[in-house]
Engineer: 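There's a structure below that I have some questions on.
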2 protein chains.
Amino acid sequence: MSDELMRSGRDATATRRALVRAARRRFATDGYRATTVRQIAADAGVNVALINRYFVSKDGLFEACMLRTSDELDSQSSSRPVHFDDVIERLVAHVVNSPDGDDPLQLLLLLRSSGDENADRIRRRTLEHFTEKLAAAAGWDRDDPATDGVLLRAQLAIATMLGTVMLRASAGVEPLASAGHSELSAPLGDAFRALLVRTPGPS
Amino acid sequence: MSDELMRSGRDATATRRALVRAARRRFATDGYRATTVRQIAADAGVNVALINRYFVSKDGLFEACMLRTSDELDSQSSSRPVHFDDVIERLVAHVVNSPDGDDPLQLLLLLRSSGDENADRIRRRTLEHFTEKLAAAAGWDRDDPATDGVLLRAQLAIATMLGTVMLRASAGVEPLASAGHSELSAPLGDAFRALLVRTPGPS
DNA sequence: CTCGGATGTAAGCAGGCGCTGACTTGACGA
DNA sequence: TCGTCAAGTCAGCGCCTGCTTACATCCGAG
């Protein structure tokens with residue numbers, strides 16, 4: 001919508017960053033196909049042709065967005081929390097708004113397929129990598145005999161996050177869309193605990 | 001991909017149904033923008049121009065898909081289950097594969113926005129209507145003082161369903177994508193119970 | 001100062017898109 | 001047998017897409 005602020009031009013790396021920033025927003029909210037390179041360029045306050053200069057193609061830009069999202073998710077989960085409740089709280093915070101101050105939309109990006117084989121491979125790998133990180137953070141052993149069941153539960157937790165962010169940001173369903181941390185913390189925490197607690201308990 | 005079987009032509013209502021069927025598949029899996037009217041027509045084994053004849057525009061066809069999905073979800077939840085566990089089981093079945101033998105993709109359709117104002121309004125209304133149905137089926141009172149919290153939890157359950165279907169069908173994340181009812185029933189049931197049980201319990 | 005590479009710009013191409021309007025085909029009653 | 005009208009076909013329009021190419025501008029090294 002609005003131009004990137006104070007772009008003075010003639011700074012290649014800044015231009016690249018502005019493009020990736022704008023592209024991530026568009027790709028996450030509108031989807032790959034619905035996003036046009038002219039929109040992205042306008043959002044970044046940059047000439048359209050620079051997308052092809054710096055990223056070769058629209059696919060290339062999408063791939064760059066995926067890589068950056070992958071990196072961020074990785075670095076965010078590298079400082080491992082000690083307590084199980086920290087993991088839960090971190091997941092909740094991820095849904096409400098992304099911890100590093102950027103949009104929670106980086107998660108949405110993981111749902112968007114481009115049709116390009118390479119970018120989509122990165123997407124799937126990031127998703128599965130994120131799964132393993134979550135499973136590990138929840139205190140599961142990778143060599144556990146029931147690893148598949150563990151990963152399944154971690155992926156269901158991620159699915160809950162993705163679905164929630166989608167309903168909030170993209171569909172705008174009420175009252176979920178305008179709920180804040182105080183309203184979401186308890187029910188989301190319940191769901192995550194039910195999925196991730198080691199012994200699901202007798203029901 | 002494959003043509004509708006045994007379409008003999010010269011049957012308007014059958015043609016309309018074939019178009020909606022094919023369109024729902026495409027819209028649900030590929031998204032609105034990435035789906036072309038020529039693809040839909042080819043899938044249905046029908047001439048492209050008939051889309052405009054019967055549904056005026058691509059938007060109109062999308063709206064028709066939304067309305068049919070809305071109707072189906074409504075009729076499916078009208079035969080109200082008696083026990084709470086029946087509600088849970090029905091939600092799980094919805095994720096694994098839709099109860100009436102059709103694709104589980106009808107849920108995915110609820111995530112796809114067309115950009116058309118009218119179709120998207122239907123989408124949001126269907127989603128919110130589905131929320132209330134679920135809340136009611138879970139035994140909540142509409143006049144409960146804490147209605148917002150109730151709807152919130154119901155919507156989180158729906159978000160879990162949508163996210164799961166998305167990761168399975170669209171992203172193809174393993175092991176979630178190839179998990180069946182036996183693997184999904186327990187963890188999904190845990191999550192739904194945690195969200196929908198009347199007294200979340202002391203944790 | 002001047003030159004050359006890096007950075008940004010403008011115009012436009014080929015192709016695919018949704019959609020249209022004039023046409024043909026088929027079924028059926030008079 | 002023929003007229004009629006719904007059902008289906010076809011060619012192509014105007015537009016927008018991603019991308020390319022040729023050109024302008026800036027700035028630091030010599």
Side-chain angles (χ1 to χ4, degrees), chain A residues 3-24 26-27 30-66 112-120, chain B residues 3-24 26-27 30-66 112-120:
Chain A
D3 292 355
E4 199 81 4
L5 300 181
M6 305 298 296
R7 279 201 40 75
S8 51
R10 299 267 156 207
D11 182 344
T13 62
T15 300
R16 294 170 85 110
R17 253 186 291 126
L19 280 172
V20 170
R21 246 182 88 88
R24 283 217 309 177
R26 286 286 184 184
F27 284 146
D30 301 342
Y32 179 82
R33 201 66 172 258
T35 301
T36 71
V37 289
R38 293 176 222 264
Q39 275 182 338
I40 297 172
D43 290 352
V46 147
N47 191 285
V48 204
L50 296 181
I51 288 179
N52 299 104
R53 176 190 287 284
Y54 290 130
F55 301 96
V56 181
S57 66
K58 186 187 178 186
D59 278 332
L61 178 54
F62 184 77
E63 190 175 318
C65 292
M66 273 299 164
R112 307 296 193 178
S113 77
S114 73
D116 177 69
E117 198 51 51
N118 204 33
D120 285 352
Chain B
D3 291 357
E4 200 82 3
L5 298 183
M6 304 299 295
R7 277 202 39 76
S8 52
R10 299 268 157 200
D11 182 345
T13 61
T15 300
R16 293 171 85 110
R17 251 186 291 127
L19 279 173
V20 170
R21 245 184 90 87
R24 284 218 308 178
R26 286 286 183 183
F27 284 145
D30 301 342
Y32 179 82
R33 201 65 173 255
T35 301
T36 71
V37 289
R38 294 175 221 265
Q39 275 182 338
I40 296 172
D43 289 353
V46 147
N47 191 284
V48 204
L50 296 181
I51 289 179
N52 299 106
R53 178 192 284 283
Y54 291 130
F55 301 97
V56 181
S57 66
K58 186 186 180 186
D59 279 331
L61 178 54
F62 184 76
E63 189 176 319
C65 292
M66 274 298 165
R112 305 297 192 179
S113 80
S114 71
D116 176 68
E117 198 50 52
N118 203 33
D120 285 351

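Order of the sequence lines sets the chain letters (A, B, ...), proteins ahead of strands, with each chain counted from 1.
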Engineer: Given A/Q39 and A/T36, is the side chain to side chain contact (heavy atoms under 4.5 Å, CB included) satisfied, shown in steps?
Structural biologist: CA-CA 5 Å; A/Q39 275 182 338; A/T36 71; 3.3 Å; yes
Engineer: So what does A/A12 touch, heavy atoms closer than 4.0 Å: a base, only the sugar-phosphate, or nothing?
Structural biologist: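 Sugar-phosphate: the residue A/A12, judged by heavy atoms under 4.0 Å, touches backbone atoms but no base.
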Engineer: Without decimals, in angstroms, what is the distance between B/L19 CG and C/dG18 C1'?
Structural biologist: 15 Å
Engineer: For nucleotides 14-18 of chain D, give me every protein contact, N/O to N/O, under 3.5 Å, one pair per line with atom names.
Structural biologist:
{"from": "D/dG18", "atom 1": "OP1", "to": "A/T35", "atom 2": "O", "distance (Å)": "3.2"}
{"from": "D/dG18", "atom 1": "OP1", "to": "A/V37", "atom 2": "N", "distance (Å)": "3.4"}
{"from": "D/dG18", "atom 1": "OP1", "to": "A/K58", "atom 2": "NZ", "distance (Å)": "3.1"}
{"from": "D/dG18", "atom 1": "OP2", "to": "A/V37", "atom 2": "N", "distance (Å)": "3.0"}
{"from": "D/dG18", "atom 1": "N7", "to": "A/R38", "atom 2": "NH2", "distance (Å)": "2.7"}
{"from": "D/dG18", "atom 1": "O6", "to": "A/R38", "atom 2": "NH2", "distance (Å)": "3.0"}

Engineer: Quiz question: by atom type and distance under 3.5 Å, do the side chains of B/D59 and B/Y32 form a donor-acceptor pair?
Structural biologist: yes
Engineer: Nearest whole angstrom, please: distance from the P of D/dC19 to the CD1 of A/I40.
Structural biologist: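 Atom-to-atom, A/I40 to D/dC19, this comes out as 10 Å.
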Engineer: Can you check the B/D116 CG to C/dG18 P distance for me, whole Å?
Structural biologist: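 Roughly 14 Å, once rounded to whole Å.
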Engineer: Tell me whether the OP1 or OP2 atom of D/dG8 has a side-chain N or O from B/T15 closer than 4.0 Å.
Structural biologist: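 Yes, such a contact exists.
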Engineer: Output the rounded distance in Å from CG (B/L61) to P (C/dG18).
Structural biologist: 11 Å
Engineer: Round to the nearest Å and state the distance from B/N47 atom CG to C/dG18 atom P.
Structural biologist: 14 Å
Engineer: How long is the line joining CG of B/D30 and P of C/dG16, in whole Å?
Structural biologist: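 Answer to the nearest Å: 17 Å.
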Engineer: Tell me the interatomic distance from A/R53, atom CZ, to C/dA6, atom P, rounded to whole angstroms.
Structural biologist: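 Rounded to the whole Å, the gap is 10 Å.
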Engineer: Answer whether the closest heavy-atom distance between the side chains of B/I51 and B/K58 falls below 4.5 Å.
Structural biologist: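 Contact flag for B/I51/B/K58 side chains = no.
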Engineer: What's the CG-P distance between A/D11 and D/dC27, to the nearest Å?
Structural biologist: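 Value for this atom pair: 12 Å.
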Engineer: Side chain to side chain contact (heavy atoms under 4.5 Å, CB included) for B/F55 and B/E63? Distances and angles first, verdict last.
Structural biologist: CA-CA 9 Å; B/F55 301 97; B/E63 189 176 319; over 6 Å; no
Engineer: Testing A/D43, A/V48, A/L50 for side-chain contact (heavy atoms from CB on, under 4.5 Å) with A/V46, which one passes?
Structural biologist: A/L50
Engineer: Which heavy atom of B/G115 sits nearest a heavy atom of B/D120, and at what distance?
Structural biologist: N-OD2, 3.2 Å
Engineer: Please state whether the rings of A/F62 and A/F27 are parallel, tilted or perpendicular, taking 30° and 60° as the class boundaries.
Structural biologist: perpendicular
Engineer: Using a 4.0 Å heavy-atom cut-off, does A/Y54 contact any base of the nucleic acid, only the sugar-phosphate backbone, or nothing at all?
Structural biologist: sugar-phosphate
